[in-house]
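Here is the structure we will look at, set down as structure tokens.
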There are 2 protein chains.
Amino acid sequence: MTRSEENYIKAIFHLGGNTPTLVATNAIAEQMETKPSSVTDMAKKLADKGFLNYQPYQGVSLTDFGIKTALSIIRKHRLWEVFLVRKLDFSWDEVHEVAEQLEHIKSEKLIDKLDELLDFPKYDPHGDPIPTKDGIFLERDKQLLSELPINTKGVCVGVKDTSSAFLKFLDKYNIALGKTIEVLEREDFDESLHIKMEGKELQISHQIASNLYVKKND
Amino acid sequence: MTRSEENYIKAIFHLGGNTPTLVATNAIAEQMETKPSSVTDMAKKLADKGFLNYQPYQGVSLTDFGIKTALSIIRKHRLWEVFLVRKLDFSWDEVHEVAEQLEHIKSEKLIDKLDELLDFPKYDPHGDPIPTKDGIFLERDKQLLSELPINTKGVCVGVKDTSSAFLKFLDKYNIALGKTIEVLEREDFDESLHIKMEGKELQISHQIASNLYVKKND
DNA sequence: ACAAATTTTTAGACGTCTCTAAATTCACTT
DNA sequence: AAGTGAATTTAGAGACGTCTAAAAATTTGT
Ligand SMILES: [Mn+2]
Ligand SMILES: [Mn+2]
Ligand SMILES: [Mn+2]
Ligand SMILES: [Mn+2]
């Protein structure tokens, strides 16, 4: 597996999930910041190698083997992100770029030992689940803050937008995973929310609320 | 800098050190397990980029910039080796292969934080010195065990042969860095040594003694 | 149902890194 | 000083991954 092949498989997984949906050539090209013609070439190669099914003009879908491969790369990516935050004091907006490189290191022992060092974390610093060694991958029960009803509370469990800009914005307002947020009021005009967090009230735009995942309190 | 360029620079440094000696094309090819013609191509490219001086038919020598680059790669390699041994319980014969990959990860912050996590180690698991962030690189005061006079003691500080086979052999006989060895007798016939280590006497071949570095006791 | 717009593929090319085979240069011996 | 053998470079090609431009297939809209 070359680095490029791994990146394509990861991109296709992110676009199609484990569903048998066909992922379009253009969608992959956009995700990878490359050209559709390059995607076609790679699709043929990955199909030959058994990672995906390629239907010309229709799109591609990962095989079971392809999904397994994707999960292994995602596992590595997210474990390294946890390592960087917990052991090397990186902030959550700095880890992705480095994890993009580290995820391609080939050593099963390395990743198993890293998992152990970190005490088998279930989620990465952005709240995304970490697949287990045997490919078990459970999406967390969560919803967007923007969809939380008025006068209910939820715990921050993840972000949808993982851009550095958004993460730094959250840092600035002390919004972090694990904190409890109560929705006080929703403005009809611009869908902005009045929320309460750690006793303090603040107002956040729809753009923020629709990129923050919460788990509703039981 | 591509991964291939980095590997060439590291190989050239290992062959020539910081001396202005010319390193031969064939020597580089052998070290890199590639063909001389490939080395010539790369030598031209690296000379263009300012990493080395290339004298056709004579060989190459690293520029100051090339040496600085080599030291930075070696620093990364050795810090990762320390990490693998100290934090992930790798044994000293397993780390090199993984460090060969990790040394190419590009992030200054990563390596500085790793250095800090490991408490700024001076030597790697094989006793080789780790260059500092600003390129200071001191060879340790050491000699081969085979050159230690009779009835003198020395502390194991490094290995010359870093092959997995040799390192595992040392493990088997409990020979490890930090242990004190006394030379009791040298057989003229095969240059094998009678040594004493931790109260126990054993006999080791010249091949072993000439691949183990010790620091003579004052 | 057909024309237009969009998506996807094909064809041909380029940069990087590698190789083999052949030519050239160097170093050593006589 | 010339000849021989080794080291090195050059020439030409292939694998990989990318691109642009053009062709083909599909989808969309009337
Ligand atoms: Mn990430
Ligand atoms: Mn993440
Ligand atoms: Mn090593
Ligand atoms: Mn080492």
Side-chain angles (χ1 to χ4, degrees), chain A residues 1-16 19-62 66 69-70 73 100-101 103-106, chain B residues 1-16 19-62 66 69-70 73 100-101 103-106:
Chain A
M1 288 231 73
T2 67
R3 171 172 303 222
S4 187
E5 288 171 351
E6 291 187 347
N7 285 333
Y8 273 96
I9 288 170
K10 194 167 53 118
I12 292 164
F13 182 89
H14 280 133
L15 291 166
T19 65
T21 330
L22 288 178
V23 178
T25 303
N26 268 8
I28 300 168
E30 195 174 334
Q31 173 89 13
M32 301 275 301
E33 295 181 41
T34 184
K35 301 294 166 185
S37 55
S38 305
V39 175
T40 301
D41 285 351
M42 185 58 88
K44 288 175 186 167
K45 185 154 61 125
L46 292 175
D48 280 349
K49 295 193 176 185
F51 293 107
L52 47 81
N53 297 306
Y54 169 50
Q55 294 182 237
Y57 293 101
Q58 302 305 311
V60 301
S61 61
L62 292 176
T69 305
I73 302 163
E100 284 290 308
Q101 300 179 60
E103 72 189 3
H104 301 291
I105 301 292
K106 279 158 192 63
Chain B
M1 289 232 72
T2 68
R3 171 171 304 221
S4 186
E5 287 170 352
E6 291 188 346
N7 284 333
Y8 272 96
I9 287 171
K10 195 167 53 122
I12 293 164
F13 182 88
H14 280 133
L15 290 166
T19 65
T21 330
L22 288 177
V23 178
T25 302
N26 268 7
I28 299 168
E30 197 174 331
Q31 173 88 14
M32 300 273 304
E33 295 180 42
T34 184
K35 300 294 166 187
S37 55
S38 305
V39 175
T40 301
D41 284 352
M42 187 57 88
K44 288 175 185 166
K45 185 155 61 126
L46 292 175
D48 281 349
K49 295 192 177 185
F51 293 108
L52 48 81
N53 297 305
Y54 169 50
Q55 295 183 237
Y57 294 101
Q58 301 305 311
V60 301
S61 62
L62 292 176
T69 304
I73 302 164
E100 284 291 309
Q101 299 179 61
E103 72 188 4
H104 300 290
I105 302 292
K106 278 159 192 62

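Chain A is the first sequence line, chain B the second, and so forth, proteins listed ahead of strands; every chain is numbered from 1. FYI, side chains are in, hydrogens and waters are out, and symmetry mates aren't considered; it's all heavy atoms of this structure.
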Quick one: [X] [atom1] to [N] [atom2], roughly how many Å, whole number?
| X | N | atom1 | atom2 | answer |
| --- | --- | --- | --- | --- |
| I28(A) | dT7(C) | CD1 | C1' | 13 Å |
| Q55(A) | dT9(C) | CD | C1' | 15 Å |
| M42(A) | dA15(D) | CE | C1' | 12 Å |
| E5(A) | dA15(D) | CD | C1' | 12 Å |
| D48(B) | dG15(C) | CG | C1' | 15 Å |
| M1(A) | dC16(D) | CE | P | 13 Å |
| Y54(B) | dA7(D) | OH | P | 16 Å |
| N26(A) | dT9(C) | CG | C1' | 11 Å |

Please tabulate, one pair per line, each protein N/O and nucleotide N/O from nucleotides 19-21 of chain C that are separated by under 3.5 Å, including the distance.
| from | atom 1 | to | atom 2 | distance (Å) |
| --- | --- | --- | --- | --- |
| dC19(C) | OP2 | T34(B) | OG1 | 2.5 |
| dC19(C) | OP2 | K35(B) | N | 3.2 |
| dC19(C) | OP2 | S38(B) | OG | 2.8 |
| dT20(C) | O4 | S37(B) | OG | 3.0 |

H104(A)/N7(A) under side-chain contact (heavy atoms from CB on, under 4.5 Å): CA gap, chis, key distance, verdict: CA-CA 9 Å; H104(A) 301 291; N7(A) 285 333; 3.0 Å; yes
Heteroatom pairs (N/O) under 3.5 angstrom, protein to nucleotides 23-28 of chain D:
none

Heavy atoms, side chains only, cut-off 4.5 Å: are [X] and [Y] in contact?
| X | Y | value |
| --- | --- | --- |
| E5(B) | K49(B) | yes |
| D48(B) | Y54(B) | no |
| H14(B) | K10(B) | yes |

Closest-nucleotide 5' rank along DNA chain D - winner of R3(A) and G59(B): G59(B)
Gap between atom OH of Y8(B) and atom CD1 of I28(B) - 0.5 Å precision: 8.5 Å
